[in-house]
> 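Shown below is the structure under consideration.
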Amino acid sequence: MSQLTITLPDGSTQNVASGATPLEIARSISERLAEIALVAVVNGKLTDLTEPLNEDASIRILTPNDEEALEVYRHSTAHLLAAAVLELYPETKLGIGPPIENGFYYDFDRPQPFTPEDLEKIEARMAEIQARNVPFVRTLALKEEALQRYQKQGDWMKCELVEDRGGERVSEYTLGPGFSDFCRGPHLPNTSHIKAFKLLSIAGAYWKGDEKNKVLQRIYGTAFFKPKELRAHLERLEEAKRRDHRKLGKELDLFSIQEAAGPGLIFFHPKGGTVRLLLENWMRDQYLARGYSLVYTPHVARSGLWKTSGHYDFYGENMFKRMELDDAEYQLKPMNCPFHILIYKDRQHSYRELPVRLGELGTVYRYERSGTMHGLLRVRGFTQDDAHIFCTPQQAEQEVVSCLEFAMDTLKAFGFTQYKAELSTWDGGKSGKYDGTPEQWEIAESALRNAVARVGLEAKVMEDEAAFYGPKIDMKLVDAIGRLWQLSTVQFDFTLARRFELEYIGEDGRAHQPLMVHRALFGSVERFFGILVEHYAGAFPLWLAPVQVTILPITDRQIGYSHGLSERLKKLGIRVTVDDRNEKVNFKIREAQVQKIPYMLVVGDREEEAGNVSVRHRRRGDLGVQSFDDFVASIQPLIAAHDTAD
RNA sequence: GCCGGCGUAGCUCAGCUGGUAGAGCAUCUGAUUUGUAAUCAGAGGGUCGGGGGUUCGAAUCCCUUCGCCGGCUCCA
């Protein structure tokens with residue numbers, strides 16, 4: 001029998017007989033390691049511990065201390081879920097069950113829907129199987145043989161999977177006598193290693209993610225190496241629910257969605273309106289400071305305009321229905337681009353005046369399908385901080401750099417430090433699905449690439465993910481429970497420039513087509529607002545807080561003094577309220593805390609006599625007595641600096 | 001749009017297998033004049049999302065419609 005040389009992570013080597021398994025190697029290192037080993041990495045590839053080795057290899061044994069093993073762990077837990085479901089409901093057909101971020105799911109086909117009670121039963125059965133200490137066993141079968149078997153059992157999804165993915169021989173994993181699943185693996189050695197899992201929800205999901213296909217029942221769950229980690233994760237989910245912008249939006253009286261008006265249409269209440277005004281003012285100031293011109297355009301236009309832009313034919317499904325007026329049919333705008341283009345086209349432009357940057361907080365309306373709306377994050381009417389830049393090819397890179405800097409400054413200004421950037425490129429023209437010339441794509445993509453490098457942004461390149469009209473960079477933020485939402489975007493648009501025959505007169509005296517960059521940084525004011533609420537958990541920084549200071553008189557003797565202070569603060573532009581209700585100060589403080597008002601000024605006889613205020617901060621608590629002037633002097637710089645620390 | 005769940009007072013929710021609606025908070029009134037997270041008492045308030053049906057009788061059952069939630073799909 002031949003000898004293999006095995007290299008371990010510390011660089012040491014070991015000679016073993018061909019056919020030895022990673023588990024045996026683990027045991028040779030220590031019995032303890034073999035006990036807790038979950039899976040091996042053999043020559044960089046995750047492999048079952050029981051898979052015999054037949055060539056020289058460098059191997060690492062992964063244990064619950066290795067994050068990398070978590071995917072395998074969750075994948076095995078998904079199999080455990082499927083095994084439990086089959087024991088309880090043998091008529092069920094299996095789909096797929098992969099690990100995902102923070103957990104796993106498994107898709108099932110079954111005539112009756114699963115109920116929440118079923119979920120409990122299934123979870124209990126999973127625990128039973130887990131306790132039986134059942135091994136995950138890999139077997140290989142001929143493709144034909146496996147197909148026949150699945151056909152006979154009516155496992156139609158497995159048949160399709162084997163057809164799609166299986167090689168000559170297909171690998172399957174059994175878990176006990178009654179469970180076998182077509183699966184590439186790897187898996188844990190046995191169920192005893194699965195220590196902490198929980199089933200979370202049931203949802204519908206299309207087979208292979210295609211809405212033309214059958215809807216399956218998906219069970220979501222999560223699993224961690226340790227019960228403590230599982231508890232921490234479930235707690236995070238609870239915390240996320242507490243900071244959900246829809247919940248906080250109601251509690252803090254920021255906004256509402258009115259059934260009488262329709263879904264996906266947002267009503268900003270006075271407090272939300274204050275925050276929104278501040279966001280918009282901040283952005284408009286930035287526009288002006290960064291060389292943009294502000295424009296205003298209508299909300300509707302003749303359908304002819306949308307035909308020219310192409311939206312009528314290609315985006316019609318997503319537009320509000322046409323309305324007839326005396327002379328023509330009109331449609332609500334789903335985008336601002338054609339309007340800005342009309343302004344650009346209203347006169348001739350020389351290369352000398354480019355770039356032209358037209359910006360607007362433009363409200364657009366899109367018909368989103370009924371099941372897709374989500375609070376402020378996905379709506380039917382929203383306001384984009386939208387701008388279009390018309391520039392020469394030579395200017396493109398610098399313009400993109402400026403946009404990216406603007407975008408990063410924007411996110412930073414609101415305290416966002418974590419976001420993902422994606423650079424979406426075309427397919428080189430292979431499919432013919434992209435508009436624009438290869439030269440245009442080259443100029444635009446290299447402008448984006450160079451710009452990303454120049455501003456030091458980490459952008460993941462997404463090949464063949466561009467919009468059909470041009471390449472783009474998107475920046476995405478996570479909401480309270482980790483869902484990603486696109487905010488900032490910088491996109492080239494070759495199509496509209498061509499359709500509207502945009503021109504500028506170049507140095508050579510001839511007409512040229514400008515490059516057009518479409519960009520939005522908040523993305524939508526509504527979405528940004530929603531993410532912001534979750535980011536701050538409703539406790540807006542001082543400069544953004546709808547109410548910055550509330551004055552709490554202890555008895556009604558101080559009501560006059562309180563209103564006097566209030567007037568002085570108002571004159572300084574500070575948003576202030578006086579809680580002059582006939583309530584105890586404890587009660588007033590509690591309400592102010594719940595409303596997350598940054599500063600509470602408690603005033604009683606002592607304060608009034610000395611012209612002082614007793615300052616309480618929503619997070620730091622009682623800050624003691626200060627003169628009114630000192631208090632003002634302490635908060636004014638924070639407001640002016642748009643300080644985001646709390 | 002699709003699958004599943006849900007819709008009861010301003011808010012959060014209770015109301016078992018059908019017998020004709022309840023709590024806490026909020027609101028209003030009165031008392032209390034209070035020192036850093038809920039003072040006490042009383043009162044008012046609901047076509048049980050809308051429409052239709054079954055039944056002697058429906059918040060409870062059925063149909064339909066609107067909306068919300070979790071996902072899927074979609075997201076120029």
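The basis for the numbers below is simple: all heavy atoms, side chains too, and nothing from hydrogens, waters or symmetry mates. So that the names make sense, note that chain A is the first sequence line, chain B the second, and so on, each numbered from 1.
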> Need one value for A/Gly262: base, sugar-phosphate or nothing, where a base atom within 4.0 Å counts as base even if backbone is also close, heavy atoms only.
nothing

> Can you tell me the distance, in whole Å, between the OH atom of A/Tyr220 and the C1' atom of B/rC72?
7 Å

> In whole angstrom, give me the gap between the P atoms of B/rC48 and B/rU8.
11 Å

> Extract from the structure each pairing of a protein N or O with an N or O of nucleotides 23-26 of chain B at less than 3.5 Å, listing the distance.
none

> For A/Gln513, is the CD atom crowded, meaning more than 12 foreign heavy atoms sit under 6.0 Å from it?
yes

> Looking at B/rU36, does its base get a donor-acceptor pair with the side chain of A/Asn586 below 3.5 Å?
no

> Is the base of B/rA37 touched by the side chain of A/Arg618 through a donor-acceptor pair closer than 3.5 angstrom?
no

> Tell me, yes or no, whether the heavy-atom count around A/Lys460 atom NZ, taken from other residues, nucleotides or ligands under 6.0 Å, exceeds 12.
no

> Please measure how far the P atom in B/rA43 lies from the corresponding atom in B/rG22, and state the result in whole Å.
14 Å

> Side chains of A/Asn102 and A/Thr222: is there a donor and an acceptor less than 3.5 Å apart?
no

> Quick test of your reading: applying salt bridge (Lys or Arg N to Asp or Glu O under 4.0 Å), list the pairs with at least one residue in residues 599-613 of chain A, sequence neighbours left out, ordered by first then second residue.
A/Arg557-A/Asp605

> Using the C1' atom as the reference point in each nucleotide, state the distance between B/rC25 and B/rC69 in Å, no decimals.
24 Å

> For B/rG70 and A/His374 - does any side-chain N or O of the residue sit under 4.0 Å from the phosphate oxygens OP1/OP2?
yes

> State which residues pass salt bridge (Lys or Arg N to Asp or Glu O under 4.0 Å) with A/Arg590; sequence neighbours excluded, sorted by chain then number.
none

> Would you tabulate the pairs of protein nitrogen or oxygen atoms and nucleotide nitrogen or oxygen atoms of nucleotides 2-5 of chain B closer than 3.5 angstrom?
| unit_1 | atom_1 | unit_2 | atom_2 | d |
| --- | --- | --- | --- | --- |
| B/rC2 | O4' | A/Tyr206 | OH | 3.3 |
| B/rC3 | O2 | A/Gly204 | N | 3.2 |

> Around atom CD of A/Glu251, are there more than 12 heavy atoms from other residues, nucleotides or ligands closer than 6.0 Å?
yes

> Determine whether more than 12 heavy atoms belonging to other residues, nucleotides or ligands lie under 6.0 Å from atom CD of A/Gln112.
yes

> What is the distance, to the nearest angstrom, from the CD atom on A/Gln558 to the P atom on B/rU36?
14 Å

> Do A/Gln491 and A/His518 meet the criterion of a side-chain donor-acceptor pair at a distance under 3.5 Å?
no

> How far, in whole Å, is B/rC61 from B/rG45 if one measures between their C1' atoms?
30 Å

> Please give, in whole Å, the distance from B/rU73 P to A/Trp207 CH2?
13 Å

> After noting the C-alpha distance and the side-chain angles of A/Phe492 and A/Val400, does the key distance pass the side chain to side chain contact (heavy atoms under 4.5 Å, CB included) rule?
CA-CA 10 Å; A/Phe492 280 90; A/Val400 176; 3.8 Å; yes

> Flag yes if more than 12 heavy atoms outside A/Glu91 fall under 6.0 Å of its CD atom; otherwise flag no.
yes

> For nucleotides 41-46 of chain B, list the nitrogen or oxygen atoms of the protein found under 3.5 Å from its nitrogen or oxygen atoms, one pair per line.
none

> Does A/Arg380 make a cation-pi contact with A/Phe320 (under 6.0 Å, within 45 degrees of the axis)?
no

> What integer distance in Å separates A/Ile96:CD1 from B/rG71:P?
18 Å

> Nearest to the side chain of A/Ile589 - B/rU34, B/rG70, B/rA37?
B/rA37

> Does A/Arg369 make a side-chain donor-acceptor contact with the base of B/rC72, cut-off 3.5 Å?
no

> What residues from residues 595-610 of chain A pass a heavy-atom cutoff of under 4.0 Å to RNA chain B?
A/Val602, A/Gly604, A/Asp605, A/Arg606, A/Glu607

> Mark yes or no for a side-chain to base donor-acceptor pair under 3.5 Å between A/Arg557 and B/rU33, with no hydrogen or angle criteria applied.
no

> Base, sugar-phosphate alone, or nothing: which one does A/Arg218 contact when heavy atoms must sit under 4.0 Å apart?
sugar-phosphate

> Rounded to whole angstroms, how far apart are OH on A/Tyr561 and P on B/rU33?
24 Å

> Does the distance from a Lys or Arg side-chain N to an Asp or Glu carboxylate O, for A/Arg378 and A/Glu526, drop under 4.0 Å?
no

> Could you check how far CD of A/Glu259 sits from P of B/rC6, rounded to whole Å?
18 Å

> Roughly how many Å apart are B/rG57 and B/rG71, using the P atom of each and rounding to a whole number?
43 Å

> When you look at NZ of A/Lys307, are more than 12 heavy atoms from neighbouring residues, nucleotides or ligands closer to it than 6.0 Å?
yes

> Tell me whether A/Lys476 is salt-bridged to A/Asp474, with the criterion being a basic N under 4.0 Å from an acidic carboxylate O.
no

> Taking the nucleotide of RNA chain B with the closest heavy atom to each, which residue, A/Arg527 or A/Val594, is nearer the 5' end?
A/Val594

> Between B/rU47 and B/rU29, how far apart are the two P atoms, rounded to whole Å?
23 Å

> Please name the nucleotide paired to B/rA43 by Watson-Crick or G-U wobble geometry with both distances under 3.5 Å, or report none.
B/rU27

> With respect to the side chain of A/Arg590, which nucleotide from B/rC68, B/rA37, B/rG35 is positioned closest?
B/rA37

> Take atom CD of A/Gln258 as the centre, draw a 6.0 Å sphere, and report whether it contains more than 12 heavy atoms from other residues, nucleotides or ligands.
yes

> Provide the distance between the two P atoms, one in B/rA38 and one in B/rG50, to the nearest whole Å.
38 Å

> Now, which nucleotide makes the Watson-Crick or G-U wobble pair with B/rC6, with each of the two distances under 3.5 Å?
B/rG67

> On RNA chain B, compare the nucleotides closest to A/Lys250 and A/Gly621; which residue's is nearer the 5' end?
A/Lys250

> Determine which nucleotide pairs with B/rC13, using a 3.5 Å limit on both distances of a Watson-Crick or G-U wobble pair.
B/rG22

> Write down the distance separating the P atoms in B/rG53 and B/rA41, rounded off to the nearest Å.
47 Å

> Measure CG/A/Asn612 against P/B/rG35 and give the value in whole Å, please.
19 Å

> Counting distance only, does the side-chain N/O of A/Gln548 pair as donor-acceptor with the main-chain N or O of A/Leu542 below 3.5 Å?
yes

> In whole Å, I'd like the distance from the CZ atom of A/Arg378 to the P atom of B/rC69.
13 Å

> Would you verify whether the NZ or CZ of A/Lys333 falls within 45 degrees of the ring axis of A/Phe339 while also being under 6.0 Å from that six-membered ring's centre?
yes

